[in-house]
Each structure stands twice: as structure tokens, then as C-alpha cells.
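Labels below follow one simple rule: chain letters A, B, ... track the order of the sequence lines, proteins then strands, and each chain is numbered from 1. In this text the structure is predicted, and so the values were computed from the model without any measurement.
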2 protein chains.
Amino acid sequence: MRVVIARCSVDYEGALVAHLPLATRLLMVKADGSVLIHSDGGSYKPLNWMAPPCKMVELEPDDEEREQGVASVWLVQHAKREDHLRIRLHEVISDSSHDLGIDPGLIKDGVEAQLQALLAEHIATLGDGYTLLRREYATAIGPVDILCKDAAGATVAVEIKRRGDIDGVEQLTRYLELLNRDPHLAPVQGVFAAQVIKPQARVLATDRGIRCVTLDYEALRGQDDTTSRLF
Amino acid sequence: MRVVIARCSVDYEGALVAHLPLATRLLMVKADGSVLIHSDGGSYKPLNWMAPPCKMVELEPDDEEREQGVASVWLVQHAKREDHLRIRLHEVISDSSHDLGIDPGLIKDGVEAQLQALLAEHIATLGDGYTLLRREYATAIGPVDILCKDAAGATVAVEIKRRGDIDGVEQLTRYLELLNRDPHLAPVQGVFAAQVIKPQARVLATDRGIRCVTLDYEALRGQDDTTSRLF
DNA sequence: AGTTGCATTTCGCCT
DNA sequence: AGGCGAAGTGCAACT
């Protein structure tokens with residue numbers, strides 16, 4: 001990895017056209033050739049970048065550029081698309097390279113799959129007498145997260161999201177529409193379960209007769225035995 | 001901005017739990033206190049990070065850590081949430097700081113707003129005799145991108161996307177449902193306009209009587225006068 | 001390889 | 001500030 005601190009201006013042309021005026025920034029050139037341009041703020045997203053596969057060539061500035069104080073020009077061209085990044089370096093403050101090797105990568109725990117597993121394990125969270133039929137119940141338009149039965153024996157389809165958005169309600173609605181055509185299952189009730197449910201999503205769900213349940217990840221996890229933890 | 005190259009392991013605990021095994025990586029500490037951990041690959045997304053507002057403190061390793069070769073521990077705590085990042089540095093290969101100043105920021109051109117403006121300006125792209133009623137026509141469930149009339153005087157609602165996905169069709173369907181309840185507007189036809197329309201979205205739209213139109217950004221722009229360009 | 005769905009999304013607009 | 005939609009989204013899992 002090469003890390004350069006430099007006063008530079010940047011022009012990107014591809015899916016959109018974008019320009020960065022002259023300022024001091026950090027340029028990161030990764031082993032795969034990708035380039036990131038970071039400022040001293042914002043979040044993890046760079047001001048501008050070029051995704052791999054791409055190739056960087058260092059050019060001599062032309063007369064006009066040289067007159068404006070450009071010391072060197074980096075042209076980063078995407079290998080497959082008509083995307084390129086032109087970085088005009090006016091002053092290089094620091095330039096160093098390090099061999100990082102390949103990274104073992106991130107180990108995660110606690111996303112939607114985990115929520116689904118926990119809720120399946122403690123399906124009574126939805127109500128007394130609820131029993132699990134299946135996780136990832138396959139349908140023609142995709143898998144239903146959880147299929148279960150309520151105390152009265154009626155089928156219930158559960159859609160789980162970390163954030164309950166309107167999209168999730170639409171998805172569940174499509175599942176319910178399909179499931180209710182199956183005489184073996186119908187009538188099927190819907191439950192929209194998420195850690196946070198957006199007001200609009202709640203309104204839409206309620207309007208369609210879908211019950212909303214907010215999930216408490218920590219509480220679900222607390223009920224769980226602690227032997228199967230990663231850490 | 002502080003840039004450190006170090007052999008380190010990382011543990012994150014917050015919305016999820018994640019771990020990075022010992023390896024050589026780039027650590028970026030920005031002026032706002034945020035921390036990014038980059039490997040030599042992937043795209044612009046770091047392996048792990050802490051978003052601002054947050055605070056970093058450097059701790060002495062405890063006995064167990066010291067025994068495992070930990071030279072220093074960085075604890076990055078989010079200011080508002082129960083999120084923290086623990087970086088255990090085993091070997092610091094490089095450590096440097098630079099004053100970057102505030103960045104003037106990115107100047108963009110060519111996204112959905114641009115498409116909407118261009119299509120509104122050249123609404124006849126949808127058909128001869130089409131006339132614009134309104135852009136961003138407000139409804140209870142959100143703004144309709146473009147409302148116009150066809151040659152016969154019938155109302156047409158247009159939803160514009162860069163990429164025409166199934167979600168966009170659902171969105172337009174909801175608008176049409178609502179607009180068609182208004183006797184002043186009904187019957188309202190739907191047009192789904194995008195630079196690229198996914199096959200599934202096209203099938204769903206057609207099934208619902210919604211016309212699909214693919215937009216040629218360059219062609220629309222070509223029709224446009226060239227006086228109002230940014231570059 | 002193309003497609004689908006999620007994300008510690010981030011970002012910007014608007015209420 | 002909070003909600004909502006878009007992103008040059010990235011990323012992994014699945015067909």
C-alpha cells in the first residue's frame with residue numbers, strides 16, 4: 001500500500017462528473033491498484049475514489065498544468081468501464097509504501113441471521129402458544145424468514161429486518177398474497193418484526209392487517225444459553 | 001490526520017460484534033476523532049471503523065495483553081452510543097501526522113435530480129403532445145417525480161430512477177393507487193422511466209399497466225442548451 | 001457470471 | 001433533529 005499526502009485537485013468522469021478543488025489530502029493506492037482520496041473529516045467514504053480493477057499511470061504535466069503549478073498527474077483508468085480519475089499533484093508532502101500482505105478479514109456476529117435464529121429459538125416472544133414450523137420457508141418469490149403457528153393453530157408468516165422499512169412490508173405483503181393462495185396454509189397472518197420500525201412502515205403494515213413487533217436483540221440474546229457465543 | 005501502519009488486532013462492539021485477527025493494516029485517525037482501519041484490498045469501505053462523534057484514548061496493555069505481545073491499546077468510544085472499538089497494536093511500523101485543513105468538498109453533476117430536470121424540460125421524450133404539469137408533485141405518501149398530461153389530456157405520473165428496480169415499480173404503484181382516488185386527476189396512467197430497467201421490474205410494471213421508458217442521459221443532455229453546464 | 005438483498009451503510013434533502 | 005430516498009453504493013450469498 002502506498003500512502004501519499006499531497007496538495008492536489010481531482011477530476012472524476014464516469015457515471016457522473018465530479019471535481020475536487022485544490023487542497024491537501026491523503027491519497028491511498030492499494031495493492032489491487034484502487035485509489036482512495038480522503039479528507040480529514042466525513043465518515044469512512046472517501047471524497048473520491050476508483051474501484052478495482054483499474055490501472056494508474058503517472059504522467060508529466062502539460063505546459064498549461066505546469067504553469068498552474070502541477071508537479072505530476074496521476075491518471076487512474078477503470079479496466080472495464082469508461083471511468084477515470086485525474087489527480088493533479090501540486091505538492092507532495094509525504095510519500096511512503098508498505099507491504100501489508102493479505103488480510104484475514106472480518107469476523108461478524110449479530111446481524112439479521114442472528115436475529116432470525118434467536119427469534120426462531122424463542123418463537124413464544126410473538127405470543128403464548130406460538131410454535132415454529134420452518135425457518136427460511138421457500139416460496140416461488142423467495143424464502144419467508146419464519147413460518148409458524150399461533151395458539152389457535154393459524155399459520156403466521158414472519159418477516160425479520162434490523163430496520164423495519166416500507167420495503168420490508170411490501171416484501172411480506174407479496175409473501176402473504178402468495179401463501180394465502182395455498183389452501184393448505186390459508187389463512188396466513190403476517191408479523192413484521194424488526195429492531196426499529198419506521199412510522200410509515202408501521203402505518204402501512206397496520207393498514208394491511210400485519211402485526212408489528214419490535215425485537216430487543218439483547219433481551220433475546222439474554223434468554224439464550226451463553227455456550228454458543230463466538231466471544 | 002494521523003496515519004499509522006501497524007500489526008494489530010481489532011474488536012468492535014456496538015450494533016454488532018466483530019473481530020479482526022492480528023495482521024498489518026493502515027490506521028487512519030481523522031481530525032474529528034473518527035478512526036478507519038484499511039487493508040490492502042477491498043474497495044473504499046474500511047475493514048472496520050468508528051464514525052464521529054467519538055473519542056480515542058491510548059491505554060497501557062494489561063499483563064495478559066503484554067504477554068501476548070501487545071505494545072499499546074487504542075480504545076475508541078462513540079460519544080452517543082454504546083459503540084466502541086478496541087485496537088491492540090503489536091508493532092507500529094510507521095506513525096505520522098499531517099495538518100490537512102478543511103476540505104472544500106466535492107462538486108457533483110449528473111444524478112437523479114439532473115435526470116428529472118432534463119426529462120421535465122424535454123417531456124415530449126415520453127410522446128408527442130405531452131405537457132408538464134408539475135415536478136415533485138406532493139402527495140400524502142411522498143412526492144411524485146413528474147406529473148404531466150398526454151396528447152389526449154389524460155394525467156400521467158412519472159417515476160424516475162437511475163436504475164429501474166422492483167422497488168421503484170412498487171413506489172409508483174402506490175402513487176397511482178392514491179392519485180386515482182382523486183376525481184380531479186383520475187384516470188392516471190403510470191410511466192416508469194430509468195436509465196436501466198431490470199427485467200423483473202419491467203415484467204411487474206407491464207403486468208400492472210405501467211409503461212417502461214429507458215432514458216438516454218447523454219441524448220437528453222444533448223437536446224439541452226449547453227449554457228447551463230458546470231464544466 | 002448475473003441477481004438479489006443487506007448494511008455498524010453514508011449522504012443529502014426536506015419537514 | 002428526524003424521516004426518507006438515493007448511492008459511481010459495497011458486499012456476500014445464491015441461482
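- A salt bridge links A:Asp11 and A:Arg88; the closest N-O separation between the charged side-chain nitrogens and carboxylate oxygens is under 4.0 Å.
- For the pair B:Arg181 and B:Glu177, the salt-bridge criterion is met [side-chain N within less than 4.0 Å of a carboxylate O].
- With sequence neighbours left out, A:Trp74 forms a ring pair (Phe, Tyr, Trp, His ring centres under 6.0 Å) with no residue at all.
- In this structure, A:Tyr12 and A:Lys198 both approach DNA chain D, and ranking their closest nucleotides by distance from the 5' end singles out A:Lys198.
- Regarding A:Glu170, its CD atom lies at a distance of 18 Å from the C1' atom of C:dC6, rounded to whole Å.
- We find that CG of A:Leu16 is positioned 14 Å from C1' of C:dG12, with the value rounded to whole Å.
- B:Arg81 comes within 4.0 angstrom of no nucleic acid atom, judged by non-hydrogen atoms across all strands.
- Between the C1' atom of C:dT4 and the CG atom of B:Leu204 lies a distance of 15 Å, rounded to the nearest Å.
- B:Thr173 and B:Arg208 are linked by a side-chain donor-acceptor pair at a separation below 3.5 angstrom, with hydrogens and angles left out of the test.
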Do any N or O atoms of the protein come closer than 3.5 Å to N or O atoms of nucleotides 10-14 of chain D, and which pairs are they?
{"unit_1": "D:dC11", "atom_1": "OP1", "unit_2": "B:Ser43", "atom_2": "N", "d": "3.4"}
{"unit_1": "D:dC11", "atom_1": "OP2", "unit_2": "B:Ser43", "atom_2": "N", "d": "3.4"}

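- Closest non-hydrogen pair, B:Ile197 versus B:Phe192, comes out as CD1-O, 3.7 Å.
- Atom CG in B:Asp32 sits about 11 Å away from atom P in C:dC11, given to the nearest Å.
- Atom P of nucleotide D:dG2 and atom CG of A:Asp165 are separated by 17 Å, given to the nearest angstrom.
- Salt bridge absent: A:Arg25 and A:Asp40 never bring a charged side-chain N and a carboxylate O closer than 4.0 Å.
- In this structure, B:Gln171 does not reach the D:dG5 phosphate: none of its side-chain N or O atoms is under 4.0 Å from OP1 or OP2.
- Within 4.0 Å of A:Met50, counting heavy atoms only, lies at least one base atom of the nucleic acid.
- In this structure, the CG atom of B:Leu106 is 12 Å from the P atom of C:dC11, given to the nearest Å.
- The listed nucleotides are C:dC6, D:dA6, D:dC4; the one nearest the side chain of A:Pro199 is D:dC4.
- A search for ring pair (Phe, Tyr, Trp, His ring centres under 6.0 Å) contacts involving B:Tyr44 returns A:Trp49, not counting sequence neighbours.
- Rounded to an integer number of Å, the gap from A:Arg163 CZ to D:dG5 P is 11 Å.
- Distance, A:Asp167 CG to C:dT4 P: 14 Å, rounded to whole Å.
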